[in-house]
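Written out below as C-alpha coordinates is the structure these notes cover.
Naming: A, B, ... by sequence-line order, numbering from 1 per chain.
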2 protein chains.
Amino acid sequence: MVFNPDDPRVRKTRRGLQEAFIRLILKKGYDAVSIQDIATEAEAARITFYRHYADKEELLTDCLNTLYEDLAQTTERVSKEALAQGISPLRVLYDHIEAHEPLYRILFSSRGTHTVLERLRHHLATHALKGIQDFVGASDLQIPPDIIAYHAASAQIGLAMWWLDHDKPYPIVYMAQVSVWLTLGGLLRALGIPEFPLPIPAQPSGG
Amino acid sequence: MVFNPDDPRVRKTRRGLQEAFIRLILKKGYDAVSIQDIATEAEAARITFYRHYADKEELLTDCLNTLYEDLAQTTERVSKEALAQGISPLRVLYDHIEAHEPLYRILFSSRGTHTVLERLRHHLATHALKGIQDFVGASDLQIPPDIIAYHAASAQIGLAMWWLDHDKPYPIVYMAQVSVWLTLGGLLRALGIPEFPLPIPAQPSGG
DNA sequence: TTACTTAAGATACAAAGTGTAACATAAATC
DNA sequence: GATTTATGTTACACTTTGTATCTTAAGTAA
(Lines give C-alpha, C1' and ligand atoms only; values in the text may rest on other atoms or scores of the structure.)
Protein backbone atom coordinates (compact mmCIF):
# COMPACT_ATOMS: atom_id res chain seq x y z
CA MET A 1 0.00 0.00 0.00
CA VAL A 2 1.49 3.31 -1.09
CA PHE A 3 0.93 6.48 0.89
CA ASN A 4 1.75 10.09 0.30
CA PRO A 5 4.02 11.03 3.22
CA ASP A 6 3.08 14.70 2.84
CA ASP A 7 -0.61 14.09 3.45
CA PRO A 8 -1.40 15.59 6.87
CA ARG A 9 -3.53 12.57 7.75
CA VAL A 10 -0.65 10.21 7.04
CA ARG A 11 1.81 12.23 9.05
CA LYS A 12 -0.58 12.51 11.97
CA THR A 13 -1.28 8.78 11.94
CA ARG A 14 2.37 7.77 11.76
CA ARG A 15 3.44 10.21 14.41
CA GLY A 16 0.64 8.97 16.62
CA LEU A 17 1.64 5.34 16.18
CA GLN A 18 5.30 6.09 16.80
CA GLU A 19 4.70 8.06 19.96
CA ALA A 20 2.19 5.55 21.27
CA PHE A 21 4.62 2.71 20.65
CA ILE A 22 7.44 4.46 22.49
CA ARG A 23 5.21 5.15 25.47
CA LEU A 24 4.10 1.52 25.57
CA ILE A 25 7.59 0.05 25.23
CA LEU A 26 8.79 2.15 28.14
CA LYS A 27 5.78 1.05 30.17
CA LYS A 28 5.48 -2.66 29.37
CA GLY A 29 8.55 -3.64 27.35
CA TYR A 30 8.73 -4.34 23.65
CA ASP A 31 7.54 -7.94 23.67
CA ALA A 32 4.50 -7.25 25.82
CA VAL A 33 3.16 -4.60 23.45
CA SER A 34 0.63 -5.91 20.92
CA ILE A 35 -0.39 -4.16 17.75
CA GLN A 36 -3.84 -3.76 19.22
CA ASP A 37 -2.23 -1.95 22.16
CA ILE A 38 -0.45 0.44 19.85
CA ALA A 39 -3.59 1.21 17.88
CA THR A 40 -5.64 1.75 21.02
CA GLU A 41 -3.00 3.99 22.60
CA ALA A 42 -2.77 5.99 19.37
CA GLU A 43 -6.57 6.17 19.17
CA ALA A 44 -6.52 4.58 15.74
CA ALA A 45 -8.08 1.49 14.20
CA ARG A 46 -5.92 -1.60 14.30
CA ILE A 47 -6.05 -2.00 10.56
CA THR A 48 -4.56 1.45 10.19
CA PHE A 49 -1.37 0.07 11.70
CA TYR A 50 -1.13 -2.62 9.03
CA ARG A 51 -1.67 -0.04 6.31
CA HIS A 52 1.58 1.66 7.33
CA TYR A 53 3.79 -0.99 8.86
CA ALA A 54 4.28 -4.71 8.34
CA ASP A 55 5.00 -5.38 12.01
CA LYS A 56 6.25 -3.90 15.27
CA GLU A 57 9.86 -4.18 14.18
CA GLU A 58 9.23 -1.96 11.18
CA LEU A 59 7.56 0.68 13.30
CA LEU A 60 10.44 0.65 15.76
CA THR A 61 12.95 0.97 12.94
CA ASP A 62 11.00 3.94 11.66
CA CYS A 63 11.17 5.58 15.09
CA LEU A 64 14.89 4.99 15.44
CA ASN A 65 15.63 6.05 11.89
CA THR A 66 13.99 9.37 12.60
CA LEU A 67 16.12 9.67 15.70
CA TYR A 68 19.34 8.87 13.89
CA GLU A 69 18.62 11.21 11.02
CA ASP A 70 17.93 13.99 13.47
CA LEU A 71 21.24 13.34 15.19
CA ALA A 72 23.12 13.25 11.91
CA GLN A 73 21.54 16.54 10.83
CA THR A 74 22.31 18.18 14.16
CA THR A 75 25.91 16.98 14.01
CA GLU A 76 26.21 18.33 10.50
CA ARG A 77 24.75 21.70 11.47
CA VAL A 78 26.80 22.07 14.63
CA SER A 79 29.94 20.96 12.84
CA LYS A 80 29.67 23.89 10.51
CA GLU A 81 28.81 26.38 13.20
CA ALA A 82 31.11 25.67 16.05
CA LEU A 83 33.23 22.59 15.62
CA ALA A 84 36.26 24.79 15.28
CA GLN A 85 35.36 26.43 18.59
CA GLY A 86 35.85 23.12 20.37
CA ILE A 87 32.38 21.53 20.46
CA SER A 88 33.05 17.87 19.80
CA PRO A 89 30.63 15.50 18.06
CA LEU A 90 30.45 13.71 21.40
CA ARG A 91 29.05 16.81 23.04
CA VAL A 92 26.41 16.86 20.33
CA LEU A 93 25.69 13.19 20.98
CA TYR A 94 25.27 13.64 24.73
CA ASP A 95 23.02 16.64 24.21
CA HIS A 96 20.97 14.65 21.74
CA ILE A 97 20.65 11.74 24.13
CA GLU A 98 19.38 14.01 26.83
CA ALA A 99 16.91 15.67 24.49
CA HIS A 100 15.53 12.32 23.29
CA GLU A 101 16.10 10.27 26.38
CA PRO A 102 13.13 7.88 26.08
CA LEU A 103 14.04 6.82 22.57
CA TYR A 104 17.70 6.41 23.41
CA ARG A 105 16.76 4.23 26.34
CA ILE A 106 14.97 1.96 23.91
CA LEU A 107 17.78 2.11 21.38
CA PHE A 108 20.33 1.22 24.03
CA SER A 109 18.30 -1.45 25.78
CA SER A 110 19.20 -4.21 23.37
CA ARG A 111 15.96 -3.72 21.47
CA GLY A 112 17.49 -1.20 19.13
CA THR A 113 17.49 -3.26 16.00
CA HIS A 114 21.12 -3.86 15.27
CA THR A 115 20.92 -1.69 12.18
CA VAL A 116 20.38 1.64 13.84
CA LEU A 117 22.85 1.13 16.66
CA GLU A 118 25.34 -0.07 14.10
CA ARG A 119 24.78 3.05 12.04
CA LEU A 120 25.35 5.18 15.12
CA ARG A 121 28.59 3.33 15.80
CA HIS A 122 29.63 3.82 12.20
CA HIS A 123 28.77 7.50 12.49
CA LEU A 124 31.07 7.92 15.49
CA ALA A 125 33.77 5.77 13.91
CA THR A 126 33.76 7.98 10.84
CA HIS A 127 34.14 11.10 12.92
CA ALA A 128 36.92 9.48 14.93
CA LEU A 129 38.78 8.51 11.77
CA LYS A 130 38.31 11.97 10.34
CA GLY A 131 39.72 13.39 13.54
CA ILE A 132 42.79 11.19 13.24
CA GLN A 133 43.35 12.17 9.63
CA ASP A 134 43.01 15.89 10.35
CA PHE A 135 45.54 15.32 13.06
CA VAL A 136 48.30 13.37 11.39
CA GLY A 137 47.59 13.64 7.69
CA ALA A 138 48.66 10.53 5.84
CA SER A 139 50.98 9.33 8.57
CA ASP A 140 51.05 5.56 8.59
CA LEU A 141 49.33 4.04 11.60
CA GLN A 142 50.74 0.92 13.11
CA ILE A 143 47.27 -0.37 13.94
CA PRO A 144 44.66 -0.85 11.19
CA PRO A 145 42.47 2.28 11.16
CA ASP A 146 39.22 0.32 11.08
CA ILE A 147 40.14 -1.30 14.36
CA ILE A 148 41.06 2.01 15.93
CA ALA A 149 37.89 3.66 14.73
CA TYR A 150 35.59 0.90 15.96
CA HIS A 151 37.41 0.61 19.22
CA ALA A 152 36.90 4.30 19.81
CA ALA A 153 33.29 4.36 18.63
CA SER A 154 32.39 1.36 20.76
CA ALA A 155 33.95 2.90 23.82
CA GLN A 156 32.05 6.11 23.25
CA ILE A 157 28.68 4.48 22.67
CA GLY A 158 29.25 2.09 25.55
CA LEU A 159 30.12 4.92 27.89
CA ALA A 160 27.02 6.84 26.83
CA MET A 161 24.89 3.73 27.44
CA TRP A 162 26.48 3.28 30.84
CA TRP A 163 25.85 6.93 31.64
CA LEU A 164 22.16 6.67 30.77
CA ASP A 165 21.78 3.31 32.50
CA HIS A 166 23.18 4.78 35.71
CA ASP A 167 20.88 7.78 35.49
CA LYS A 168 23.42 10.32 34.40
CA PRO A 169 25.83 10.40 37.36
CA TYR A 170 28.10 13.00 35.75
CA PRO A 171 27.29 16.19 33.85
CA ILE A 172 27.19 16.10 30.08
CA VAL A 173 30.15 18.35 29.46
CA TYR A 174 32.39 16.26 31.65
CA MET A 175 31.29 12.98 30.02
CA ALA A 176 31.97 14.32 26.56
CA GLN A 177 35.40 15.57 27.57
CA VAL A 178 36.43 12.39 29.37
CA SER A 179 35.18 10.24 26.53
CA VAL A 180 37.31 12.10 24.03
CA TRP A 181 40.22 12.16 26.39
CA LEU A 182 40.28 8.43 27.18
CA THR A 183 39.86 7.57 23.53
CA LEU A 184 42.61 9.91 22.41
CA GLY A 185 44.99 8.28 24.87
CA GLY A 186 44.83 5.08 22.87
CA LEU A 187 44.90 6.95 19.58
CA LEU A 188 47.95 8.97 20.41
CA ARG A 189 49.81 5.79 21.23
CA ALA A 190 48.61 4.29 17.99
CA LEU A 191 49.95 7.38 16.28
CA GLY A 192 53.27 6.91 18.01
CA ILE A 193 53.07 10.19 19.94
CA PRO A 194 52.13 9.28 23.53
CA GLU A 195 53.86 12.38 24.80
CA PHE A 196 51.41 14.69 23.01
CA PRO A 197 50.05 17.26 25.50
CA LEU A 198 46.39 16.65 26.32
CA PRO A 199 44.95 18.65 29.22
CA ILE A 200 43.01 16.46 31.65
CA PRO A 201 39.30 17.33 32.03
CA ALA A 202 38.40 19.11 35.25
CA GLN A 203 36.65 16.96 37.84
CA PRO A 204 32.91 17.63 38.04
CA SER A 205 31.75 19.61 41.04
CA GLY A 206 28.72 17.50 41.96
CA GLY A 207 27.25 14.12 40.94
CA MET B 1 6.33 -25.97 39.03
CA VAL B 2 9.44 -27.21 40.78
CA PHE B 3 11.85 -29.57 39.07
CA ASN B 4 14.89 -31.46 40.18
CA PRO B 5 17.67 -30.10 37.96
CA ASP B 6 19.70 -33.27 38.49
CA ASP B 7 17.05 -35.52 37.02
CA PRO B 8 18.42 -36.76 33.67
CA ARG B 9 15.04 -36.22 32.03
CA VAL B 10 14.98 -32.58 33.13
CA ARG B 11 18.48 -31.92 31.93
CA LYS B 12 17.82 -33.58 28.61
CA THR B 13 14.62 -31.62 28.08
CA ARG B 14 16.16 -28.27 28.96
CA ARG B 15 19.25 -28.86 26.89
CA GLY B 16 17.05 -29.89 23.99
CA LEU B 17 14.91 -26.75 24.28
CA GLN B 18 17.95 -24.50 24.56
CA GLU B 19 19.73 -25.96 21.58
CA ALA B 20 16.57 -26.02 19.49
CA PHE B 21 15.91 -22.38 20.34
CA ILE B 22 19.41 -21.30 19.36
CA ARG B 23 19.16 -23.11 16.05
CA LEU B 24 15.80 -21.50 15.33
CA ILE B 25 16.88 -17.99 16.28
CA LEU B 26 19.84 -18.22 13.94
CA LYS B 27 17.57 -19.51 11.20
CA LYS B 28 14.45 -17.32 11.52
CA GLY B 29 15.23 -14.60 14.03
CA TYR B 30 14.01 -14.36 17.61
CA ASP B 31 10.61 -12.83 16.94
CA ALA B 32 9.65 -15.32 14.27
CA VAL B 33 10.20 -18.31 16.54
CA SER B 34 7.07 -19.55 18.28
CA ILE B 35 6.98 -21.78 21.31
CA GLN B 36 5.40 -24.45 19.16
CA ASP B 37 8.42 -24.18 16.86
CA ILE B 38 10.81 -24.69 19.75
CA ALA B 39 8.92 -27.70 21.03
CA THR B 40 8.73 -29.28 17.59
CA GLU B 41 12.42 -28.67 16.91
CA ALA B 42 13.31 -30.15 20.28
CA GLU B 43 10.97 -33.10 19.66
CA ALA B 44 9.05 -32.33 22.82
CA ALA B 45 5.43 -31.54 23.66
CA ARG B 46 4.54 -27.87 23.69
CA ILE B 47 3.33 -28.06 27.27
CA THR B 48 6.75 -29.31 28.30
CA PHE B 49 8.10 -25.89 27.42
CA TYR B 50 5.67 -24.17 29.77
CA ARG B 51 6.62 -26.56 32.55
CA HIS B 52 10.17 -25.19 32.45
CA TYR B 53 9.98 -21.63 31.18
CA ALA B 54 7.43 -18.85 31.41
CA ASP B 55 8.22 -17.53 27.94
CA LYS B 56 10.85 -17.27 25.21
CA GLU B 57 12.72 -14.55 27.04
CA GLU B 58 13.27 -16.78 30.04
CA LEU B 59 14.62 -19.58 27.89
CA LEU B 60 17.00 -17.19 26.15
CA THR B 61 18.21 -15.83 29.46
CA ASP B 62 18.86 -19.38 30.57
CA CYS B 63 20.94 -20.04 27.45
CA LEU B 64 22.97 -16.88 27.90
CA ASN B 65 23.44 -17.40 31.61
CA THR B 66 24.96 -20.77 30.90
CA LEU B 67 27.25 -19.09 28.40
CA TYR B 68 28.33 -16.39 30.81
CA GLU B 69 28.95 -18.80 33.66
CA ASP B 70 31.09 -20.91 31.40
CA LEU B 71 33.13 -17.86 30.42
CA ALA B 72 33.52 -16.78 34.02
CA GLN B 73 34.69 -20.26 35.02
CA THR B 74 37.13 -20.44 32.14
CA THR B 75 38.52 -17.02 32.98
CA GLU B 76 38.92 -18.07 36.59
CA ARG B 77 40.67 -21.29 35.65
CA VAL B 78 42.98 -19.71 33.09
CA SER B 79 43.75 -16.85 35.44
CA LYS B 80 45.20 -19.24 37.92
CA GLU B 81 47.07 -21.28 35.37
CA ALA B 82 48.66 -18.84 33.05
CA LEU B 83 47.67 -15.24 33.61
CA ALA B 84 51.17 -14.53 34.85
CA GLN B 85 52.52 -16.00 31.61
CA GLY B 86 50.81 -13.22 29.68
CA ILE B 87 47.43 -14.67 28.66
CA SER B 88 45.03 -11.78 29.09
CA PRO B 89 41.35 -12.13 29.99
CA LEU B 90 40.69 -10.72 26.55
CA ARG B 91 42.44 -13.65 24.94
CA VAL B 92 40.18 -15.91 26.97
CA LEU B 93 37.17 -13.91 25.82
CA TYR B 94 38.07 -14.13 22.14
CA ASP B 95 38.73 -17.85 22.44
CA HIS B 96 35.40 -18.28 24.16
CA ILE B 97 33.60 -16.30 21.48
CA GLU B 98 35.07 -18.49 18.80
CA ALA B 99 34.18 -21.67 20.69
CA HIS B 100 30.56 -20.55 21.19
CA GLU B 101 30.12 -18.44 18.12
CA PRO B 102 26.39 -19.05 17.50
CA LEU B 103 25.40 -18.03 21.00
CA TYR B 104 27.64 -14.99 20.97
CA ARG B 105 26.09 -13.91 17.69
CA ILE B 106 22.73 -13.95 19.41
CA LEU B 107 24.05 -12.24 22.51
CA PHE B 108 25.64 -9.50 20.42
CA SER B 109 22.78 -9.05 17.98
CA SER B 110 20.75 -6.76 20.21
CA ARG B 111 18.62 -9.65 21.39
CA GLY B 112 20.91 -10.41 24.26
CA THR B 113 18.71 -9.35 27.11
CA HIS B 114 20.43 -6.38 28.58
CA THR B 115 21.19 -8.31 31.75
CA VAL B 116 23.67 -10.78 30.35
CA LEU B 117 25.51 -8.33 28.12
CA GLU B 118 25.64 -5.97 31.06
CA ARG B 119 27.11 -8.69 33.22
CA LEU B 120 29.75 -9.38 30.59
CA ARG B 121 30.60 -5.71 30.48
CA HIS B 122 30.81 -5.62 34.26
CA HIS B 123 33.03 -8.68 34.15
CA LEU B 124 35.48 -6.98 31.82
CA ALA B 125 35.27 -3.71 33.73
CA THR B 126 36.19 -5.52 36.93
CA HIS B 127 39.19 -7.12 35.32
CA ALA B 128 40.24 -3.80 33.85
CA LEU B 129 40.00 -2.09 37.25
CA LYS B 130 41.91 -4.90 38.88
CA GLY B 131 44.60 -4.50 36.24
CA ILE B 132 44.87 -0.81 37.01
CA GLN B 133 45.12 -1.41 40.72
CA ASP B 134 47.78 -4.08 40.33
CA PHE B 135 49.62 -1.57 38.23
CA VAL B 136 49.58 1.59 40.27
CA GLY B 137 48.48 0.50 43.72
CA ALA B 138 46.45 3.17 45.42
CA SER B 139 47.67 5.95 43.17
CA ASP B 140 44.97 8.55 42.79
CA LEU B 141 43.43 8.63 39.34
CA GLN B 142 42.40 11.92 37.86
CA ILE B 143 39.43 10.33 36.16
CA PRO B 144 36.79 8.45 38.18
CA PRO B 145 37.67 4.74 38.02
CA ASP B 146 34.13 3.66 37.17
CA ILE B 147 34.27 5.75 34.03
CA ILE B 148 37.65 4.35 33.06
CA ALA B 149 36.54 0.80 33.68
CA TYR B 150 33.33 1.09 31.67
CA HIS B 151 35.01 2.94 28.89
CA ALA B 152 37.55 0.15 28.59
CA ALA B 153 35.01 -2.65 28.93
CA SER B 154 32.71 -1.08 26.34
CA ALA B 155 35.55 -0.66 23.91
CA GLN B 156 36.56 -4.27 24.35
CA ILE B 157 33.07 -5.70 23.98
CA GLY B 158 32.34 -3.38 21.07
CA LEU B 159 35.49 -4.41 19.29
CA ALA B 160 34.67 -8.08 19.81
CA MET B 161 31.18 -7.49 18.42
CA TRP B 162 32.62 -5.68 15.43
CA TRP B 163 35.08 -8.51 14.89
CA LEU B 164 32.32 -11.13 14.87
CA ASP B 165 30.02 -8.96 12.76
CA HIS B 166 32.71 -8.60 10.14
CA ASP B 167 33.38 -12.33 10.12
CA LYS B 168 36.63 -12.30 12.02
CA PRO B 169 38.89 -10.27 9.69
CA TYR B 170 41.90 -10.52 12.04
CA PRO B 171 43.31 -13.46 14.02
CA ILE B 172 42.30 -13.84 17.64
CA VAL B 173 45.72 -13.25 19.12
CA TYR B 174 46.09 -9.97 17.30
CA MET B 175 42.63 -8.73 18.30
CA ALA B 176 43.25 -9.50 21.95
CA GLN B 177 46.61 -7.70 21.85
CA VAL B 178 45.34 -4.65 20.04
CA SER B 179 42.31 -4.39 22.29
CA VAL B 180 44.48 -4.35 25.38
CA TRP B 181 46.91 -2.01 23.75
CA LEU B 182 44.40 0.63 22.63
CA THR B 183 42.67 0.51 25.98
CA LEU B 184 45.89 0.86 27.93
CA GLY B 185 46.78 3.94 25.93
CA GLY B 186 43.88 5.77 27.53
CA LEU B 187 44.53 4.23 30.90
CA LEU B 188 48.18 5.20 30.99
CA ARG B 189 47.23 8.77 30.30
CA ALA B 190 44.61 8.58 33.03
CA LEU B 191 47.35 7.32 35.30
CA GLY B 192 49.54 10.24 34.33
CA ILE B 193 52.24 8.09 32.74
CA PRO B 194 51.80 8.36 28.96
CA GLU B 195 55.47 7.68 28.43
CA PHE B 196 55.17 4.13 29.85
CA PRO B 197 56.76 1.68 27.39
CA LEU B 198 54.13 -0.51 25.71
CA PRO B 199 55.33 -2.60 22.76
CA ILE B 200 53.05 -2.30 19.75
CA PRO B 201 51.39 -5.55 18.61
CA ALA B 202 52.86 -7.08 15.48
CA GLN B 203 50.77 -6.67 12.33
CA PRO B 204 48.89 -9.82 11.40
CA SER B 205 50.25 -11.72 8.43
CA GLY B 206 46.96 -12.48 6.64
CA GLY B 207 43.33 -11.30 6.85
C1' DT C 1 -19.15 24.88 -3.71
C1' DT C 2 -18.87 20.66 -5.94
C1' DA C 3 -16.63 16.62 -7.60
C1' DC C 4 -12.76 13.75 -7.05
C1' DT C 5 -9.23 11.31 -4.63
C1' DT C 6 -7.28 9.14 -0.85
C1' DA C 7 -6.85 7.85 4.02
C1' DA C 8 -9.05 6.20 8.15
C1' DG C 9 -12.83 3.68 10.70
C1' DA C 10 -16.24 -0.41 11.45
C1' DT C 11 -17.09 -5.00 11.16
C1' DA C 12 -16.13 -9.63 10.21
C1' DC C 13 -13.31 -13.80 9.63
C1' DA C 14 -9.77 -17.48 9.22
C1' DA C 15 -5.54 -18.89 11.04
C1' DA C 16 -2.02 -19.11 14.38
C1' DG C 17 -0.24 -18.63 18.99
C1' DT C 18 -0.82 -18.55 24.05
C1' DG C 19 -1.59 -20.43 28.50
C1' DT C 20 -3.89 -23.88 31.24
C1' DA C 21 -6.30 -28.25 32.59
C1' DA C 22 -7.15 -33.38 33.18
C1' DC C 23 -5.62 -37.60 32.41
C1' DA C 24 -2.38 -41.32 30.51
C1' DT C 25 2.26 -43.00 29.88
C1' DA C 26 7.08 -43.49 30.49
C1' DA C 27 11.33 -42.87 32.99
C1' DA C 28 13.94 -42.36 37.23
C1' DT C 29 14.47 -43.29 42.24
C1' DC C 30 13.98 -46.04 46.35
C1' DG D 1 8.57 -54.01 42.16
C1' DA D 2 6.38 -49.90 44.11
C1' DT D 3 6.53 -45.07 44.23
C1' DT D 4 7.63 -40.71 42.68
C1' DT D 5 8.26 -37.52 39.14
C1' DA D 6 8.58 -35.89 34.39
C1' DT D 7 6.75 -36.09 29.88
C1' DG D 8 3.01 -36.92 26.30
C1' DT D 9 -1.92 -36.55 24.59
C1' DT D 10 -5.90 -34.20 23.98
C1' DA D 11 -8.87 -30.51 24.68
C1' DC D 12 -10.42 -25.75 25.54
C1' DA D 13 -10.87 -20.64 26.11
C1' DC D 14 -8.60 -16.65 24.90
C1' DT D 15 -5.58 -13.42 22.43
C1' DT D 16 -3.20 -11.92 18.52
C1' DT D 17 -2.40 -11.71 13.72
C1' DG D 18 -3.22 -10.55 9.02
C1' DT D 19 -6.64 -9.70 5.60
C1' DA D 20 -11.10 -8.44 3.19
C1' DT D 21 -15.23 -5.54 2.41
C1' DC D 22 -17.67 -1.68 2.92
C1' DT D 23 -18.53 3.00 4.91
C1' DT D 24 -17.18 7.53 6.52
C1' DA D 25 -14.26 11.45 6.78
C1' DA D 26 -10.56 14.39 5.44
C1' DG D 27 -7.67 16.60 1.92
C1' DT D 28 -7.29 18.33 -3.15
C1' DA D 29 -8.48 20.67 -7.26
C1' DA D 30 -11.92 22.23 -10.79
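- On the nucleic acid side, DNA chain D has its first and last nucleotide under 4.0 Å of a heavy atom of chain B at D:dT5 to D:dT9, going 5' to 3'.
- Five base pairs at each end of the helix from C:dT1-D:dA30 to C:dC30-D:dG1 define two local axes, and these are offset by 40° (rounded to 10°).
- In this structure A:Glu58 satisfies the side chain to side chain contact (heavy atoms under 4.5 Å, CB included) test together with A:Tyr53, A:Ala54, A:Asp55, sequence neighbours excluded.
- Nearest approach of A:Ala125 to A:Ala153, heavy atoms of both residues: N-CB, 3.6 Å.
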Under 3.5 Å between N/O atoms: give me all the protein pairs with nucleotides 26-30 of chain C, atom names plus distance.
residue: C:dA27; atom: N3; partner: B:Arg9; partner atom: NH1; Å: 2.9

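- Under the side-chain hydrogen bond (donor to acceptor under 3.5 Å, both in side chains) criterion, A:Glu101 pairs with A:Arg105, A:Lys168, sequence neighbours left out.
- Side chains of A:Val10 and A:His52 form a contact here, defined as non-hydrogen atoms less than 4.5 Å apart.
- Contact annotation: A:Thr48 side-chain N/O to C:dA8 OP1/OP2 distance is not under 4.0 Å.
- Checking B:His166 against A:Tyr150 by side-chain atom types alone, no donor-acceptor pair falls below 3.5 Å.
- Minimum heavy-atom separation, A:Ala20 to A:Ile38: CB-O, 3.9 Å.
- Nearest heavy atom pair, residue A:Phe49 against residue A:Leu59, reads CE1-CD2, 3.6 Å.
- Residues from residues 12-31 of chain A lying near DNA chain C, meaning a heavy-atom separation below 4.0 Å, are A:Thr13 in numerical order.
- In A:Lys28, the NZ atom is crowded: over 12 heavy atoms of neighbouring residues, nucleotides or ligands sit closer than 6.0 Å.
- Checked against side chain to side chain contact (heavy atoms under 4.5 Å, CB included), A:Ser34 has the following partners two or more places apart in sequence or in another chain: A:Gln36, A:Asp37.
- Here A:His100 pairs with A:His96 under the ring pair (Phe, Tyr, Trp, His ring centres under 6.0 Å) rule; sequence neighbours left out.
- Looking at every heavy atom in both residues, A:Ser154 comes nearest to A:Arg121 through OG-NE, 3.4 Å.
- A:Arg9 is linked by a side chain to side chain contact (heavy atoms under 4.5 Å, CB included) to A:Asp7, counting only residues two or more places apart in sequence or in another chain.
- Every residue two or more places apart in sequence or in another chain that forms a side chain to side chain contact (heavy atoms under 4.5 Å, CB included) with B:Met175 is listed here: A:Ile147, B:Tyr94, B:Leu159, B:Trp162, B:Trp163, B:Tyr170.
- Using a 4.5 Å heavy-atom threshold, the side chains of B:Tyr30 and B:Glu57 count as touching.
- Taking the side chain as every heavy atom from C-beta outward, A:Ile143 and B:Trp181 approach each other to under 4.5 Å.
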Kindly give the atom pairs (protein nitrogen or oxygen, nucleotide nitrogen or oxygen) under 3.5 Å for nucleotides 17-25 of chain C.
residue: C:dT18; atom: OP2; partner: B:Ile35; partner atom: N; Å: 3.2
residue: C:dG19; atom: N7; partner: B:Arg46; partner atom: NH1; Å: 3.1
residue: C:dG19; atom: O6; partner: B:Arg46; partner atom: NH2; Å: 3.0

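- For the pair A:Arg15 and A:Gln18, the minimum side-chain heavy-atom distance is 4.5 Å or more.
- Remark: A:Lys56 is not positioned above the aromatic ring of A:Phe21, lacking an NZ or CZ atom under 6.0 angstrom from the ring centre and at most 45 degrees off the axis.
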Give me the distances for all protein-to-nucleotides 2-4 of chain C N/O pairs that come in under 3.5 Å?
none

